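Sequence lines set the chain letters: A, B, ... in the order given, protein chains first and strands last, and positions in each chain run from 1. Predicted model only: the values in this text are computed from it and were never measured.
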2 protein chains.
Amino acid sequence: MGKKNPTLSEQRAAFRDYLARKQLKMTPQRMRILDAFLASQGHMTSEDLYHRVKKADPTVGQATVYRTLKLLADSGIAQEVDFSEGVARYEHGFHQEHHDHLICTRCRTTVEVSDEEIERLQESLAAKHGFRLTGHSMCLYGICPRCRATD
Amino acid sequence: MGKKNPTLSEQRAAFRDYLARKQLKMTPQRMRILDAFLASQGHMTSEDLYHRVKKADPTVGQATVYRTLKLLADSGIAQEVDFSEGVARYEHGFHQEHHDHLICTRCRTTVEVSDEEIERLQESLAAKHGFRLTGHSMCLYGICPRCRATD
DNA sequence: GTACTTGCAAACGCTTTGCACTCTC
DNA sequence: GAGAGTGCAAAGCGTTTGCAAGTAC
């Protein structure tokens, strides 16, 4: 478990490969969006990324960012996450170990957490009902230490 | 754990109390929406409920259903759940034991599951990061036995 | 040269809201 | 009768899509 994170150029190559496999084309826009995505951290919305990309190239359209994020997710470079806010968020997809999220409902801070025991129990819970698991999302909502301190 | 489910008239009374406490009024529309909600099962969308209510009274507006569902959720009679579909769903809120959802991504069947061990681990995971948990949502996505059979 | 891509603006689906009217308490 | 609630239609939001022009391969 836990190969180390791919380098920037490995990721670029991976995206190129993905595009080729799907008979899609590499374009300057896609390149810029990929780079902006890789250069950022956390859980970005399409909007976030759009603004970042726009700084580098004001001509890029919002629709292209939406479209490219879908490709990044499909290629595995990005991972869509849903914090029930009504916006899609994306995080880097190369986190080998699955992780879940601990979200402060007051300040929106999020912490990535993981627990092998929980993973294992989830699998067996699914198996007990005859399901083959393809994915899951677990969000724990609460109040973070900092917000608790300022109560 | 596990008081038995409240009766229909207990729930009506609970809603009435909630409204009174908030200085809101009971109306025939709210009554009908509550009844339709209680008479249904599963994970309903506002749309679902709107259609049901409409059969009993075609004059009820969609906005009223949205508004009333929010009240039902706030009062604890309903519980909002999010299966990442882009629609809000509501289930009965009187399930005392917390449960999570196992969702078939092919046929959308959902099964309610619960596991005390997982609950406990979630608590301790949150505590480890100094969070005070206020809620959580866990959705396990997979393929249900029936869909697996027709592969 | 042939698809595939782009930016734009319009359309989308779900949800919320402003309004004039109506009703509950 | 004062304050809430209603239905309607319009607006809001994040996201998707149709299109004509542009571009990677």
Side-chain angles (χ1 to χ4, degrees), chain A residues 12-13 15-34 36-37 43-51 53-75 78 80-90 108, chain B residues 12-13 15-37 43-75 78 80-90 108:
Chain A
R12 282 190 187 158
F15 191 42
R16 230 176 247 288
D17 286 356
Y18 165 81
L19 292 174
R21 226 177 311 124
K22 292 265 184 170
Q23 322 221 46
L24 303 175
K25 293 166 181 171
M26 180 52 99
T27 65
Q29 290 91 330
R30 286 177 179 167
M31 200 74 192
R32 254 178 230 119
I33 294 166
L34 170 62
F37 175 73
H43 309 95
M44 299 156 259
T45 63
S46 182
E47 188 80 10
D48 291 341
L49 217 41
Y50 173 57
H51 288 308
V53 171
K54 235 177 169 188
K55 277 183 200 153
D57 177 355
T59 72
V60 174
Q62 192 148 11
T64 303
V65 178
Y66 276 105
R67 289 189 273 233
T68 304
L69 270 173
K70 288 237 173 300
L71 296 176
L72 291 176
D74 191 49
S75 73
E80 192 175 333
V81 291
D82 179 357
F83 296 161
S84 297
E85 308 161 290
V87 244
R89 290 186 175 275
Y90 295 84
R108 288 275 140 202
Chain B
R12 283 191 186 155
F15 191 41
R16 229 175 247 289
D17 285 355
Y18 165 81
L19 292 174
R21 224 176 312 123
K22 292 265 185 171
Q23 324 221 45
L24 304 176
K25 294 166 181 169
M26 179 53 98
T27 66
Q29 290 90 330
R30 286 179 178 167
M31 200 73 192
R32 255 178 229 120
I33 294 167
L34 171 62
D35 284 355
F37 175 75
H43 308 96
M44 299 155 259
T45 63
S46 182
E47 188 80 10
D48 292 341
L49 216 41
Y50 174 56
H51 289 309
R52 280 167 186 278
V53 172
K54 231 174 173 186
K55 279 184 200 152
D57 177 354
T59 71
V60 173
Q62 192 148 10
T64 302
V65 178
Y66 275 104
R67 290 190 272 231
T68 303
L69 270 173
K70 288 237 172 300
L71 296 176
L72 290 176
D74 191 48
S75 73
E80 192 175 334
V81 291
D82 178 359
F83 296 162
S84 296
E85 308 161 292
V87 245
R89 291 186 173 274
Y90 294 84
R108 288 276 140 200

Work out which heavy atom in A:Y50 is nearest to a heavy atom in A:V60; give both atom names and the distance. CE1-O, 3.5 Å

Can a side chain N or O of B:T27 be found less than 4.0 Å away from OP1 or OP2 on D:dA4? no

Using a 4.5 Å cut-off on heavy atoms from C-beta on, say whether the side chain of A:K55 contacts that of A:H51. no

Can you tell me if A:S75 uses its side chain to pair, donor with acceptor, with the backbone of A:L72 under 3.5 Å? yes

Let me know the distance between CD of A:E85 and P of D:dG14, rounded to the nearest Å. 11 Å

Tell me which pairs pass salt bridge (Lys or Arg N to Asp or Glu O under 4.0 Å) where either residue lies in residues 60-75 of chain B, with sequence neighbours left out. B:K22-B:D74

Taking CD from B:Q29 and C1' from C:dC23, how many angstroms apart are they, rounded to a whole number? 9 Å

What is the distance from NZ of A:K25 to C1' of C:dT2, rounded to the nearest Å? 7 Å

Quick one: which of D:dG14, C:dT15, C:dT6 gets closest to the side chain of A:V87? D:dG14

Does any non-hydrogen side-chain atom of B:F15 lie less than 4.5 Å from one of B:M26? yes

Whole angstroms only, please: what is the CD1-P distance between B:I33 and D:dG5? 12 Å

Please report the distance, rounded to the nearest Å, between CZ in A:R32 and P in C:dT5. 17 Å

Rounded to the Å, how far apart are B:R21 CZ and C:dC25 P? 16 Å

Between A:R32 (side chain only) and A:V53 (backbone N and O only), is there a donor and an acceptor less than 3.5 Å apart? no

Selection from D:dA24, D:dT15, D:dA4 that lies nearest to any side-chain heavy atom of A:P28: D:dA24

Let me test you: for the helix from C:dG1-D:dC25 to C:dC25-D:dG1, what is the angle between the axes at its two ends (five pairs each), rounded to 10 degrees? 30°

Distances under 3.5 Å only, N/O to N/O: pair up the protein atoms with those of nucleotides 16-21 of chain D.
residue	atom	partner	partner atom	Å
D:dT16	OP1	A:K70	NZ	3.2

Looking at CG of B:L69 and CE of B:M44, how far apart are the two atoms once the value is rounded to the nearest 0.5 Å? 8.5 Å

Within this structure, what is the OH-to-P distance between A:Y50 and D:dC13, rounded to whole angstrom? 16 Å

When you match B:K54 and A:R16 each to their closest nucleotide on DNA chain D, which lands nearer the 5' end? B:K54

Please walk me through it: do B:L34 and B:R12 pass side chain to side chain contact (heavy atoms under 4.5 Å, CB included)? CA-CA 8 Å; B:L34 171 62; B:R12 283 191 186 155; 3.9 Å; yes

Rounded to whole Å, the CG-P distance (B:D57 to D:dT6) equals 11 Å

Determine yes or no for a side-chain-to-main-chain donor-acceptor pair under 3.5 angstrom, with A:R30 supplying the side chain and A:R16 the backbone. no

With a non-hydrogen cut-off below 4.0 angstrom, is B:T45 in contact with a base, only sugar-phosphate, or nothing? nothing

